[in-house]
Every structure is written in C-alpha cells, then in structure tokens.
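What follows is a set of notes on a single structure, which appears directly below.
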Amino acid sequence: MSDIIDCEYTVQGDGPPLFLIHGIGAARNTWAKALPELTPHYTVITYDLRGHGASPLPKGEFGLDELVNDLERLRERTGFEDAHFAGHSLGGMIGPAYALRYPDRVLSLGLLSTAAFRTEDDSAKVWGVVKAMEDKGIPQILPTLTDRWFTDDFIANHGDVVERRLQQVIGTDPDIFMNVFRIYAGTEMAPWLHEVMAPSLVLTGENDGGCNPRLNRQIEAALPDSDLVIMDGYKHSLLLEAGDQVARHLHAFINEIS
C-alpha cells in the first residue's frame with residue numbers, strides 16, 4: 001500500500017468547484033474538449049492521477065482506496081469544503097468510492113463511461129485484456145483497444161488524436177498502467193452503490209463495449225438519486241470524441257439539481 005500522493009493539478013474557471021477525474025493511462029488534458037463548456041460555470045479542478053501525467057510515481061502497488069485518499073488530499077489542498085465530482089472510466093469508480101467515504105463533501109457525481117454489475121462473462125472479458133497485456137505487452141494489445149475506444153468515423157478523420165492517445169498510454173509507466181487496469185477490472189461497485197446518496201448523472205456511449213448501456217442502466221437503478229444518459233453511436237473515448245457534449249449533459253444535470 002502506498003502513502004498519499006500530492007497529485008499535480010490545474011484550477012480554471014469560476015463558480016462552484018467541480019473536480020474532474022480521468023481514467024486509465026490518461027491525464028488531465030483528457031478534459032480539454034469539455035473545459036470550454038464548464039469553465040464559465042464552475043471552478044474546474046483537473047488533476048493527474050498518481051503515476052500519470054506530471055504526478056509523482058508511487059512506491060509499490062496501490063488500490064482504489066489510495067486513489068480516494070489522493071483525491072481527498074487534493075480537495076484539502078484546494079481548500080473547497082464540498083464540490084461536484086465527475087469521473088471517466090476508472091474515474092467513474094473513484095468518484096462514487098470517494099462519495100461513499102466522504103458523503104458530506106459531494107454535491108453531485110458524474111459517472112461517465114464506467115462499469116458495475118459485471119456478469120461472469122463481462123469480468124472474464126476485462127480480465128482477458130489484462131492477461132493479454134501481461135503476456136504480450138501493452139503496445140501489442142493497444143490496436144485492439146483503439147476499436148473499443150473510438151468510432152470508425154473518428155479513427156478515419158482524427159487519426160492524430162487517436163495516435164496521441166495511444167502514445168499517452170505507451171508513455172505511462174507500464175507498472176502503473178497495469179496497476180490501474182487491474183483496479184478497473186477488479187472493482188465491483190454493485191454491493192455499495194445504493195449507499196451513495198449524492199445526485200448522480202450516469203452517462204455512457206451506446207456502443208461502449210465494456211461500459212455498455214446494460215451495465216449503466218443497472219448503475220442508474222441502484223443509485224438512489226440519478227439520471228441516465230446514453231449517447232448515440234459513441235464508444236468509450238467519449239471525452240476525446242465528444243467532450244463538449246458530455247460537458248453540456250453534466251452542466252444541465254448540475255443545473256437541474258442546484
């Protein structure tokens with residue numbers, strides 16, 4: 001288990017605080033397309049998870065609890081008593097886990113492209129990806145992830161964005177990448193989601209294989225106070241393809257509950 005890490009972060013915009021939590025092998029720049037829609041309304045805090053982007057490398061293995069600890073440290077450092085939180089993929093697990101531990105700190109949650117209520121088959125598939133990476137190496141498996149993350153149209157027209165995302169993964173320390181992928185594969189929120197009382201937006205892409213509408217409907221049903229948005233046609237990399245649309249959904253949701 002690792003000590004708490006002081007993660008690198010950026011504060012932009014004006015209004016109520018909104019913490020944004022990125023996913024596996026990404027960094028705070030994953031929110032670039034969303035920020036213009038959010039910074040007029042919120043003080044937006046983006047940060048790099050431990051071992052990602054510019055944040056320090058932890059010593060040894062870590063779990064979801066440590067990622068929650070880092071987020072609480074960040075909240076303390078920024079000085080906000082309570083805030084809105086939204087996370088993508090693994091970030092969509094860190095947010096609810098944080099809300100479970102610190103319910104008084106959380107005004108609302110965004111669970112974006114995340115997973116819970118996985119069947120045995122769902123779990124086998126995600127652990128299969130982990131095993132393939134362990135056996136063959138991360139760069140060798142990345143091409144198969146490209147098709148899971150991006151729509152064909154986006155791959156055809158925005159090859160530069162896709163390539164930057166792949167290079168970002170390859171540039172992430174492989175031990176860190178595998179550590180967070182195992183957290184993502186092994187976390188099951190089903191036993192405790194019903195205890196998360198914060199108003200929650202559950203959002204995913206219609207064609208997201210691992211974080212599909214079937215699982216997200218169950219997430220939405222389990223959360224006591226939640227709305228569900230399925231974005232037509234999109235896959236897993238919603239923030240890179242349609243970050244502006246995701247941000248508009250998030251802002252509309254927060255507006256509605258405020």
Side-chain angles (χ1 to χ4, degrees), residues 20-35 46 48-49 51-53 86-94 110-116 118 121-187 203-216 229-247 249:
L20 298 177
I21 314 161
H22 69 75
I24 299 168
R28 63 195 128 152
N29 65 352
T30 201
W31 300 98
K33 221 172 172 176
L35 286 173
T46 54
D48 298 337
L49 296 178
H52 290 70
H88 178 259
S89 192
L90 173 66
M93 297 171 173
I94 297 168
L111 290 77
L112 315 174
S113 313
T114 196
R118 289 181 179 125
D121 185 51
D122 293 325
S123 288
K125 280 180 182 158
V126 70
W127 280 111
V129 176
V130 172
K131 183 158 186 354
M133 287 181 172
E134 287 169 347
D135 291 349
K136 297 176 186 167
I138 297 162
Q140 285 65 38
I141 303 304
L142 270 186
T144 67
L145 291 181
T146 308
D147 290 335
R148 297 176 198 209
W149 288 348
F150 298 100
T151 62
D152 294 345
D153 192 44
F154 193 81
I155 292 169
N157 294 305
H158 299 279
D160 56 327
V161 179
V162 175
E163 183 55 30
R164 273 201 303 275
R165 175 68 182 117
L166 299 185
Q167 289 306 317
Q168 186 179 45
V169 169
I170 291 167
T172 305
D173 181 286
D175 291 337
I176 296 291
F177 185 82
M178 293 310 304
N179 192 151
V180 289
F181 214 113
R182 283 191 288 267
I183 295 170
Y184 168 76
T187 296
L203 180 150
T204 198
E206 176 191 17
N207 297 320
D208 188 329
C211 302
N212 56 57
R214 167 175 55 87
L215 300 181
N216 277 261
V229 172
I230 307 292
M231 289 179 62
D232 291 348
Y234 289 104
K235 292 188 178 180
H236 193 61
S237 283
L238 277 176
L239 298 175
L240 297 183
E241 284 205 35
D244 50 347
Q245 291 180 51
V246 174
H249 283 299

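Keep in mind that what you see is a predicted model, and the values were worked out from it rather than measured.
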Separation between CD1 (I24) and OH (Y184), nearest 0.5 Å, reads 6.5 Å
Residue pair S113 / L238: nearest heavy atoms and the distance that separates them: OG-CD1, 3.2 Å
Taking all non-hydrogen atoms of both residues, which atom of V130 and which atom of R182 are closest, and how far apart? CG1-CG, 3.9 Å
Residue pair H52 / F177, side-chain heavy-atom distance below 4.5 Å: no
Heavy-atom pair of closest approach, residues I230 and P213: CD1-CB, 3.7 Å
For residues L142 and W149, determine if any side-chain heavy atom of one lies less than 4.5 Å from a side-chain heavy atom of the other. yes
Is the shortest side-chain heavy-atom distance between K136 and I141 below 4.5 Å? yes
Find out whether L240 and T30 are in side-chain contact, i.e. whether some heavy atom of one side chain is under 4.5 Å from a heavy atom of the other. yes
Verify whether one side chain among S89 and H236 offers a donor that lies under 3.5 Å from an acceptor in the other. yes
Pair D153, N157: side-chain N/O donor-acceptor within cut-off below 3.5 Å: yes
With a 4.5 Å limit on heavy-atom distance, are the side chains of E206 and M231 in contact? no
Test item: F154 and V162 side chains (from C-beta on) under 4.5 Å apart, heavy atoms: yes
Would R164 count as a cation-pi partner of F150, with NZ or CZ less than 6.0 Å from the six-membered ring centre and within 45° of the ring normal? no
Is the shortest side-chain heavy-atom distance between I21 and L49 below 4.5 Å? yes
Can a donor-acceptor pair be found between the side chains of R165 and Q168 at a distance below 3.5 Å? yes
Nearest 0.5 angstrom please: L112 CG to L239 CG, how far? 6.5 Å
Take R28 and L20, measure what side chain to side chain contact (heavy atoms under 4.5 Å, CB included) needs, and give me the verdict at the end. CA-CA 8 Å; R28 63 195 128 152; L20 298 177; over 6 Å; no
For G51 against T172, the heavy-atom pair lying closest together: O-CG2, 4.2 Å
Please step through side chain to side chain contact (heavy atoms under 4.5 Å, CB included) for the pair L215 and D122, ending with a clear verdict. CA-CA 10 Å; L215 300 181; D122 293 325; 3.7 Å; yes
Kindly say whether T151 contributes a backbone atom to a donor-acceptor pair with the side chain of E241 at under 3.5 angstrom? yes
Identify the two heavy atoms, one from G53 and one from A27, that lie closest to each other, and give their separation to 0.1 Å. CA-CB, 4.1 Å
Ignoring hydrogens and geometry, is there a side-chain-to-backbone donor-acceptor pair from H88 to H22 under 3.5 Å? no
Without swapping roles, check the side chain of T187 against the backbone of I183 for a donor-acceptor pair under 3.5 Å. yes
Main-chain N/O of N212 paired to N216 side chain as donor or acceptor, under 3.5 Å: yes
Working to the nearest 0.5 angstrom, can you tell me the gap between D160 CG and Q167 CD? 12.5 Å
If we ignore angles and hydrogens, is there a donor and acceptor under 3.5 Å between the side chains of Q140 and D135? no
Measuring only between side-chain heavy atoms, which start at C-beta, is T144 closer than 4.5 Å to V129? no
With distance as the sole test, does T204 use its side chain to make a donor-acceptor pair with the main-chain N or O of C211 at under 3.5 Å? yes
Between K235 and D208, does at least one N-O distance fall below 4.0 Å, as a salt bridge requires? no
